[in-house]
Amino acid sequence: DHCPELFRKKLCIDPNTFDFILDQITDHPIFMNNSPNKQLPVALQLVIFLNHAGHYGNAITPEDVRQWAGVSIGSVINCTHCIMIALLDQHEKFIYFPHVNAIKMEKARVYVEERTCVAWCNGVFAVDGLAMKLMLKPSIYGKTFYDRKCNYSLNCQ
């Protein structure tokens, strides 16, 4: 409530969106058990998952999340698995693909065509930050595709 910018920085999500997702998954059976060992609260499991999923590379190992959240590495892994199961079961609520002829799709096409590459105007999906390795060095501007991991790759944005 007091530092939404810090919340967004650590979890890569708006607090209102967090609350919405939490409401949608809280009653999922994955969070129920008959064990005398209680699970972590669903909100904390979601926080751990979002912190883990919202960062990449060497910056966010399970050990880093463990230290940040004050839980064991096993708890980080279990929380990640439980939240993924709950989210995937809600697939139809969280992931929506507009129909090819929908007005939203047409607006997206126009936006892409105006602001990026005309050849991409019929694209639907976008990925943020994924590096796709190339088999060979591109013949045009090849050096610009050489990344910090000593690969030739395209960074999807």
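Here the structure is a predicted model, which means the values were calculated and not measured. Hydrogens, waters and symmetry mates are skipped; everything else that's a heavy atom, side chains included, is used.
Criterion: ILVMFWY side-chain heavy atoms under 4.5 Å apart, direct or through other members. Under it, V42 and M32 are not part of a common hydrophobic cluster. L6 is not connected to F18 by any chain of hydrophobic side-chain contacts under 4.5 Å among Ile, Leu, Val, Met, Phe, Trp and Tyr, and they are in different clusters. Under the 4.5 Å side-chain heavy-atom criterion for Ile, Leu, Val, Met, Phe, Trp and Tyr, I77 and L46 are members of distinct hydrophobic clusters. Hydrophobic clustering, with ILVMFWY side chains joined whenever heavy atoms are under 4.5 angstrom apart, keeps V110 apart from I103. Linking ILVMFWY residues whenever their side-chain heavy atoms come closer than 4.5 Å, directly or via other members, leaves I73 and L50 in distinct clusters.
With rounding to the nearest 0.5 Å, the separation of CG in N151 from CZ in F145 is 14.0 Å. In this structure, CD1 in I21 is found 6.5 Å from CG in L87, a value given to the nearest 0.5 Å. The CZ atom of R8 sits 9.0 Å away from the OG1 atom of T17 when rounded to the nearest 0.5 Å. The distance from the CG atom of N51 to the CD1 atom of I13 is 12.0 Å, given to the nearest 0.5 Å. Separating the CG atom in D14 from the CZ atom in F20 is a distance of 13.0 Å, to the nearest 0.5 Å. Interatomic distance, I85 CD1 to I25 CD1, rounded to the nearest 0.5 Å: 11.5 Å.
For the pair R66 and E63, the salt-bridge criterion is met [side-chain N within less than 4.0 Å of a carboxylate O].
Applying the side-chain hydrogen bond (donor to acceptor under 3.5 Å, both in side chains) rule to pairs touching residues 31-44 yields Q39-Q45, sequence neighbours excluded.
Proximity of I48 to S75: side-chain heavy atoms (C-beta onward) are nowhere separated by under 4.5 Å. Counting heavy atoms from C-beta on, the side chains of F31 and I83 come closer than 4.5 Å.
The minimum heavy-atom distance linking A86 with H28 is given by the pair CA-CD2, 3.8 Å. Of all the heavy atoms in P138 and Y152, the pair that sits closest is CD-CD2, 4.3 Å. S153 and D147 get closest at one heavy-atom pair: OG-OD2, 2.8 Å. Closest of all the heavy-atom pairs between L40 and C79 is CD1-SG, 3.7 Å.
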